[in-house]
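A short worksheet on the structure shown next.
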There are 2 protein chains.
Amino acid sequence: MIERQRGVALWRQIADRIRSAIAEGAYDGEGKLPPELVLAEGFGVNRHTVRAAIAALQQEGIVQAVQGRGTLVRRRDKYDFPISRRTRFTEGLGDQVRDIEGLLLNAATESANAECAKWLDVPVGTPLKRLEVLRRADGRALSRSTLWFPLEHRTEKWEPGFGKIRRENNEPERFSAIDDAFRQTGSITAALARCGVPDYLRQCTEISAVHAEPQDVADLGLTPGAIVLVAKALNTDLQSVPIQFAVTRFPADRVQFTIRSDGLS
Amino acid sequence: MIERQRGVALWRQIADRIRSAIAEGAYDGEGKLPPELVLAEGFGVNRHTVRAAIAALQQEGIVQAVQGRGTLVRRRDKYDFPISRRTRFTEGLGDQVRDIEGLLLNAATESANAECAKWLDVPVGTPLKRLEVLRRADGRALSRSTLWFPLEHRTEKWEPGFGKIRRENNEPERFSAIDDAFRQTGSITAALARCGVPDYLRQCTEISAVHAEPQDVADLGLTPGAIVLVAKALNTDLQSVPIQFAVTRFPADRVQFTIRSDGLS
DNA sequence: CGCGATTTGTTCGTATGTATC
DNA sequence: GGATACATACGAACAAATCGC
């Protein structure tokens with residue numbers, strides 16, 4: 001029995017429930033959904049309402065209704081995205097995908113806003129390189145990232161007199177060509193390597209969840225009302241100097257995160 | 001300008017957007033929302049539609065409309081739940097809450113299903129103690145956890161002949177009284193200490209997001225259609241023997257996770 | 001092959017909710 | 001507040017495709 005609520009159509013709630021059930025493997029045995037009438041009775045709604053839900057899922061490509069046969073499910077597992085000190089996008093997915101591609105949607109130079117400044121530990125207004133990246137796995141949109149790189153590279157210097165670390169600007173424009181590097185390689189790791197960062201570490205990751213915005217609907221091929229996992233991450237070089245702040249939006253029905261704390265202090 | 005979409009009422013989408021904006025601190029300066037007419041124009045909708053959205057937010061207690069003054073926002077920050085090798089529920093929230101309480105909703109003994117067996121590394125059917133825990137912070141429901149503890153304690157023994165670790169059952173019923181211990185202390189850490197586990201480590205955490213189920217709506221005081229963050233976690237003792245598997249559901253509009261990878265190998 | 005049982009697809013009508021003006 | 005247009009949900013009936021016997 002499903003509860004009536006204002007503001008969200010019944011068929012959408014039912015579609016969400018069926019989608020979850022499929023993701024959890026509830027219909028792996030049969031390979032298809034129960035008949036519309038059974039579902040309708042189960043949810044306590046009219047068959048038309050269930051049909052509307054199934055139509056939406058069919059639009060998403062999750063199920064396929066065939067007259068006389070039933071509604072066949074196309075089970076698609078969630079990708080598991082591991083988060084660790086050495087998080088790498090492509091490597092992390094590993095065996096889970098055959099083909100992965102990274103598309104550069106947009107690149108620009110802009111001034112650091114308050115949030116970017118806080119994460120990258122630079123003053124507000126510092127020039128940053130911004131990249132917008134869409135990642136697809138086996139043809140399906142997997143994530144949309146916005147990445148910021150500080151253009152003014154700052155190396156750390158030890159000041160014995162002050163007893164603390166001081167930072168000085170040098171190597172300006174360190175990441176000015178990272179958009180081209182990414183365009184050619186399709187990988188952030190490879191692009192960073194071309195910009196003189198052979199290795200980097202994931203310092204901090206913040207995970208939250210929101211409803212899909214129109215932009216997500218368009219970029220990730222979601223349905224309105226879908227859930228988006230938002231990961232904000234800071235990567236640093238081996239000297240703990242911030243080199244990249246990224247906000248990545250994942251479709252929650254295709255991705256989950258795993259944090260293995262094996263070596264964490 | 002907001003896009004029309006099927007299945008979700010315009011006023012609900014607008015309510016979601018305003019709620020997010022408040023959470024991000026967009027109105028911290030003014031302390032109140034823009035006038036309804038301004039909002040309506042901004043979203044490209046009728047004023048009545050914005051009023052419906054504000055009425056819903058008022059129902060949630062997020063804003064308060066006052067005739068002649070405007071719509072006052074009651075900013076409520078998200079709690080940040082840090083995940084590390086030493087994740088502790090209460091300690092993790094730290095200064096963010098004044099008062100935190102843990103209620104034992106239910107406790108029972110049951111057999112391990114496939115998922116619990118996989119996480120706890122025990123055979124399916126192994127007797128487990130199950131606890132259902134609701135946590136409130138400053139009066140607001142913060143999470144609902146289901147925790148499983150293996151009743152048969154297994155210690156590791158090194159078998160030189162086989163060259164691998166063997167486990168033997170001993171100390172059965174190790175956690176048989178953990179429900180009473182939790183009832184008295186309101187803390188898992190304290191309850192585990194009473195059961196002879198002075199310290200434990202977070203081995204692995206899996207994070208996903210789903211729509212709120214009727215159970216969540218009831219337990220966590222959510223609105224239907226809200227988002228729930230689901231964390232599945234494995235805790236082990238210092239010898240890496242699994243002692244607890246937990247599935248915790250958090251309201252996504254009140255909680256976010258932070259993974260600091262500082263000491264991770 | 002036909003037949004019936006099952007299951008999806010379609011078309012009416014009606015009532016209610018949503019959104020605009 | 002009232003009028004209007006559209007989306008949502010229900011109910012009943014019938015049509016069309018698939019499957020097993």
Side-chain angles (χ1 to χ4, degrees), chain A residues 1-19 21-22 26-75 211-214 217 222-226, chain B residues 1-19 33-60 63 65 67 71 211-212 214 217 223-226:
Chain A
M1 206 63 159
I2 205 158
E3 291 179 29
R4 264 75 173 170
Q5 59 178 255
R6 292 186 329 222
V8 182
L10 264 183
W11 63 261
R12 178 168 290 283
Q13 300 175 59
I14 291 171
D16 290 338
R17 296 269 284 264
I18 296 176
R19 196 188 301 106
I22 291 173
Y27 305 117
D28 281 3
E30 297 280 338
K32 60 178 182 179
L33 298 186
E36 292 168 352
L37 270 173
V38 177
L39 284 173
E41 190 151 354
F43 288 120
V45 301
N46 192 275
R47 184 166 83 99
H48 286 304
T49 311
V50 169
R51 283 182 59 74
I54 290 176
L57 295 175
Q58 192 158 7
Q59 191 70 22
E60 294 177 40
I62 295 177
V63 300
Q64 170 140 26
V66 181
Q67 198 171 121
R69 281 222 295 166
T71 306
L72 284 53
V73 315
R74 297 180 176 177
R75 175 129 156 76
H211 283 104
E213 291 174 13
V217 174
L222 299 179
T223 53
Chain B
M1 205 62 159
I2 204 160
E3 289 180 28
R4 267 75 174 168
Q5 45 182 249
R6 290 179 336 210
V8 184
L10 264 183
W11 64 262
R12 180 168 286 280
Q13 300 176 56
I14 291 171
D16 290 338
R17 295 269 285 263
I18 295 177
R19 196 189 300 105
L33 299 185
E36 290 170 355
L37 269 174
V38 176
L39 283 172
E41 190 152 353
F43 287 119
V45 300
N46 193 277
R47 176 165 163 269
H48 291 308
T49 311
V50 170
R51 283 181 60 76
I54 290 176
L57 294 175
Q58 191 158 6
Q59 190 71 21
E60 294 178 39
V63 302
Q67 212 170 87
T71 307
H211 284 102
V217 174
T223 51

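A quick note: this is a predicted structure, and the numbers were derived from the prediction, not measured. Values below: all heavy atoms of this structure, side chains included; hydrogens, waters and symmetry mates excluded. Here is how names work: the chains are called A, B, and so on, in the same order as the sequence lines, proteins then strands, and each is numbered from 1.
- Atom CZ of B:R12 and atom C1' of C:dA19 are 16 Å apart (whole Å).
- Atom CZ of B:F43 and atom C1' of C:dT18 are 18 Å apart (whole Å).
- Nearest heavy-atom pair across B:A53 and B:W11 is CB-O, 3.2 Å.
- In this structure, CD of A:E30 is placed 10 Å from P of C:dT7, rounded to the nearest angstrom.
- In this entry the distance linking CG of A:L37 with P of C:dA5 reads 16 Å, nearest Å.
- Counting to the nearest Å, the P atom of D:dC10 and the CD atom of A:E41 are 13 Å from each other.
- Following rounding to the nearest Å, A:Q67 (CD) and C:dT10 (P) show an atom-to-atom distance of 7 Å.
- Across D:dG11, C:dA19, C:dT8, the shortest atom-to-atom separation from the side chain of A:P35 is found for C:dT8.
- The neighbour count for B:Q58 CD, taken as heavy atoms of other residues, nucleotides or ligands under 6.0 Å away, is above 12.
- Closest to the A:V45 side chain, of the nucleotides C:dG9, D:dC10, C:dT18, is D:dC10.
- Rounded to whole Å, the distance from CG on A:L39 to C1' on C:dG9 is 16 Å.
- Here the CG atom belonging to B:N46 is positioned 10.5 Å from the CD atom belonging to B:E36, to the nearest 0.5 angstrom.
- Atoms CG (B:L10) and P (C:dC21) sit 12 Å apart, rounded to a whole Å.
- Nearest-nucleotide mapping onto DNA chain C: of A:T71 and B:W11, the residue sitting toward the 5' end is A:T71.
- Taking every side-chain heavy atom of A:R69 into account, D:dT18 is the closest of D:dC10, C:dT18, D:dT18.
- The side chain of A:E36 sits closest to C:dG9 out of C:dT18, C:dT20, C:dG9.
- At least one side-chain nitrogen or oxygen of A:N46 sits closer than 4.0 Å to the OP1 or OP2 atom of D:dG11.
- When each of A:H48 and A:G68 is assigned the nucleotide of DNA chain D bearing its nearest heavy atom, the one mapping closer to the 5' terminus is A:H48.
- Distances were taken from every side-chain heavy atom of A:R51 (C-beta onward) to each of C:dT20, D:dT8, C:dT8; the shortest belongs to C:dT8.
- Of all the heavy atoms in A:P34 and A:L39, the pair that sits closest is O-CD1, 3.6 Å.
- You'll find the side chain of B:V38 stays beyond 4.5 Å of the side chain of B:L33, heavy atoms only.
- Comparing A:V50 and A:R47 by the nucleotide of DNA chain D that holds the closest heavy atom to each, the one mapping nearer the 5' end is A:V50.
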